[in-house]
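Just so we're on the same page: letters track the sequence lines, and every chain starts at 1.
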Protein chains: 2
Amino acid sequence: MLLHPPGTPRNALTMRLARYVDLTGHERDALAALIESERRLSAGQLLQEQGGPVDGLFVVQQGWLHSSKRLTTGGRQILRFHYSGDLIGTSSIAWSVAAASLTAVSDCIVATVPKANLGRLFAAHPRLGALLYAVACAEKVAMADRLTTIGRMNALQRLTILLLDVLARLRVTAGGVVDTIELPLTQTDLGDALGLTKVHVNRTFRALEAKSMIRRDGRRVTILDEAGMTAATGFVDRYREVATEWLPNP
Amino acid sequence: MLLHPPGTPRNALTMRLARYVDLTGHERDALAALIESERRLSAGQLLQEQGGPVDGLFVVQQGWLHSSKRLTTGGRQILRFHYSGDLIGTSSIAWSVAAASLTAVSDCIVATVPKANLGRLFAAHPRLGALLYAVACAEKVAMADRLTTIGRMNALQRLTILLLDVLARLRVTAGGVVDTIELPLTQTDLGDALGLTKVHVNRTFRALEAKSMIRRDGRRVTILDEAGMTAATGFVDRYREVATEWLPNP
DNA sequence: CGTAACGTTGACAAAAGTCAATACACGTGG
DNA sequence: CCACGTGTATTGACTTTTGTCAACGTTACG
């Protein structure tokens with residue numbers, strides 16, 4: 001864990017990237033210069049709306065959000081959850097219209113990143129550019145996993161994997177042997193994330209309880225049989241590391 | 001359309017990127033130096049196996065392939081199709097083990113790209129690095145669309161979208177007013193791509209025929225009512241362009 | 001001409017969705 | 001403090017969609 005000089009805004013992206021490589025002082029400065037202003041969101045608040053104009057990206061500094069898409073035919077799909085250190089809104093890199101909405105799940109703080117700053121970063125610090133590329137590729141793999149889960153697994157497995165996944169993320173920050181999740185999501189939200197209806201999410205929760213896999217108290221979920229849940233789904237948490245040996249020198 | 005000096009291997013990635021920005025001579029040289037050797041595959045052949053070791057990436061020079069994942073619980077999910085100019089096997093950027101299998105759909109030619117070459121490219125040509133990042137972000141958006149399709153649409157809509165999507169890709173290369181697709185995929189393959197069983201794919205094909213949306217002759221599919229199919233699904237083909245105004249100077 | 005892979009179909013089963021009623025929790029204004 | 005309203009969770013009855021199993025047809029190809 002590294003300290004930052006007082007006065008410099010805390011930058012969760014720097015801390016994330018520092019997990020993968022040893023950052024030079026210049027690189028740290030460049031990452032700090034990437035972000036412009038901070039914004040505070042309360043749970044449920046909309047940061048970016050699908051179809052709306054976008055000026056740039058965001059770094060999640062604290063809390064979590066999700067990105068979602070609304071269908072013209074009705075319905076919504078939650079695409080993924082974004083945690084501290086994630087660079088989000090990256091659809092704005094390719095287009096000037098948001099491809100998805102960004103919504104705060106918990107209270108959170110995000111920093112804005114104008115697109116032009118990103119261009120400067122690639123020019124001045126190729127290694128960081130390459131590292132961002134590696135992270136984007138890792139995220140593609142994560143999306144592929146989600147696609148597979150939704151395309152090929154049943155409701156019980158889908159919900160199980162979501163719980164194990166959130167648990168894994170939680171452990172990164174919380175450390176230690178966490179086994180309880182505070183889920184600030186409605187069952188409708190979970191359904192939209194899993195490709196299920198809220199009614200079926202409820203029944204699936206009940207089934208997991210009946211099998212003594214989990215215990216629930218309101219929106220607090222306790223994982224009782226992590227080994228069984230892992231075995232039933234083949235869940236693997238792979239997203240701690242990215243290969244860095246191919247990166248150019250700083 | 002641009003010519004390349006005789007002797008220089010044709011590089012589909014260069015042609016792809018040249019669609020987005022005007023490439024300098026140096027950049028063209030660097031992209032040509034990226035690829036190492038070419039490999040010819042016949043339809044159905046495996047290029048890379050999930051879980052197997054990976055040394056680098058590939059550029060699709062000709063033909064098309066798909067990437068797929070096998071589940072520990074049985075079953076397979078086809079993640080996406082890869083066309084000429086795509087840089088594939090990018091999971092190897094983040095890990096040394098392949099996250100997915102790569103299989104030739106048609107006869108095709110791929111060029112190998114060692115990871116280290118990519119690192120050099122980022123260092124020497126930041127603008128190309130940034131452009132690759134933009135392409136990766138666009139692919140994330142495409143995956144998000146697929147996730148939404150599979151999570152929230154029924155069999156009829158899913159198959160319709162797949163057909164419209166392949167058609168759109170076909171038009172990029174073929175130009176003109178194509179409305180017939182030669183699909184070298186079995187119905188089992190289509191099911192694995194759509195999160196359906198082969199039996200249901202068959203019934204869905206029949207339903208599309210019954211509604212006079214398509215006509216089929218073997219594996220040749222003719223789109224009869226593109227407008228109707230588009231309206232029924234809200235399909236939008238967005239993947240022709242990426243924003244480039246934020247890229248650093250070459 | 002035989003074989004293997006693929007496509008097609010029907011009968012039936014299972015999973016998930018829909019609709020509707022009720023329960024519960026929480027915050028607000030009286 | 002209570003009544004009320006709103007949003008969420010829970011449940012049952014029923015429908016629809018999709019999957020499963022098994023048979024049979026078709027096509028391509030040696």
Side-chain angles (χ1 to χ4, degrees), chain A residues 42-45 71 73-78 103 105 149-163 181-211 214-221 232-233, chain B residues 42-45 71 73-78 103 105-107 149-163 181-211 214-221 232-233:
Chain A
S42 46
Q45 205 179 332
L71 307 202
T73 51
R76 183 180 67 148
Q77 177 70 45
I78 290 180
T103 311
V105 172
T149 301
I150 291 188
R152 283 296 182 216
M153 293 185 138
N154 63 28
L156 212 60
Q157 294 173 309
R158 291 187 214 177
L159 182 54
T160 301
I161 285 180
L162 185 143
L163 293 174
I181 307 168
E182 183 69 49
L183 262 190
L185 295 163
T186 66
Q187 293 182 357
T188 302
D189 291 334
L190 291 172
D192 286 344
L194 299 173
L196 299 169
T197 58
K198 61 184 176 173
V199 175
H200 204 65
V201 168
N202 186 281
R203 288 197 265 249
T204 309
F205 258 130
R206 255 73 239 304
L208 277 175
E209 283 181 306
K211 289 173 166 227
I214 63 170
R215 192 187 317 125
R216 282 187 313 153
D217 177 23
R219 290 193 187 158
R220 171 168 295 128
V221 180
T233 55
Chain B
S42 45
Q45 205 179 332
L71 306 203
T73 50
R76 182 179 68 146
Q77 176 70 44
I78 290 180
T103 311
V105 171
S106 67
D107 289 351
T149 301
I150 291 188
R152 282 296 181 216
M153 294 186 139
N154 63 28
L156 212 60
Q157 294 173 309
R158 291 187 214 177
L159 181 55
T160 301
I161 285 180
L162 185 143
L163 293 175
I181 307 169
E182 183 70 48
L183 261 190
L185 295 163
T186 66
Q187 293 183 356
T188 303
D189 292 335
L190 291 172
D192 286 344
L194 298 173
L196 299 169
T197 58
K198 61 182 178 178
V199 175
H200 205 65
V201 168
N202 187 281
R203 290 197 266 246
T204 309
F205 258 130
R206 255 76 236 305
L208 278 176
E209 283 181 306
K211 290 174 166 224
I214 63 169
R215 193 185 317 123
R216 282 187 313 152
D217 177 21
R219 290 193 187 160
R220 171 168 295 128
V221 180
T233 55

Which nucleotide in dT18(D), dA20(C), dG7(C) has an atom nearest any side-chain atom of V199(A): dA20(C)
Sugar-phosphate, base or nothing in reach of G195(A), heavy atoms under 4.0 Å: sugar-phosphate
Nearest-Å distance for atom pair CG/P, residues D192(B) and dG19(D): 11 Å
Euclidean distance, atom CG of residue N202(B) to atom P of dT8(C) [Å, nearest integer]: 4 Å
Base dT26(D) to side chain R219(B), donor-acceptor N/O within 3.5 Å cut-off: no
Below 4.0 Å: OP1/OP2 of dT8(C) and any side-chain N or O of Q187(B): yes
Minimal non-hydrogen separation, R76(B) against R152(A), with atom names: O-NE, 2.9 Å
Shortest non-hydrogen contact between V105(B) and P184(B), atoms and distance: CG1-CG, 3.5 Å
Interatomic distance where CZ belongs to R216(B) and P belongs to dT27(D) [whole Å]: 12 Å
Spacing between R220(A) atom CZ and dA9(D) atom P, to the nearest angstrom: 15 Å
Whole-Å distance separating the CG atom of L183(A) from the P atom of dA9(D): 11 Å
Nearest-Å distance for atom pair CZ/C1', residues R203(A) and dA16(C): 8 Å
Minimum heavy-atom distance between F205(A) and L190(A), given as atom pair plus value: CE1-CD1, 3.5 Å
D192(B) side-chain N/O to Q77(B) backbone N/O, donor-acceptor pair under 3.5 Å: no
R220(B) atom CZ: more than 12 heavy-atom contacts under 6.0 Å: no
Interatomic distance, K198(B) NZ vs dT20(D) C1' [rounded to whole Å]: 11 Å
Side chain of L196(B) (C-beta onward), nearest among dT8(C), dA20(C), dT18(D): dT18(D)
Sugar-phosphate, base or nothing in reach of R206(A), heavy atoms under 4.0 Å: sugar-phosphate
Euclidean distance, atom NE2 of residue H200(B) to atom P of dG19(D) [Å, nearest integer]: 6 Å
Touch class at under 4.0 angstrom, heavy-atom based, for R158(B) against every strand present: nothing
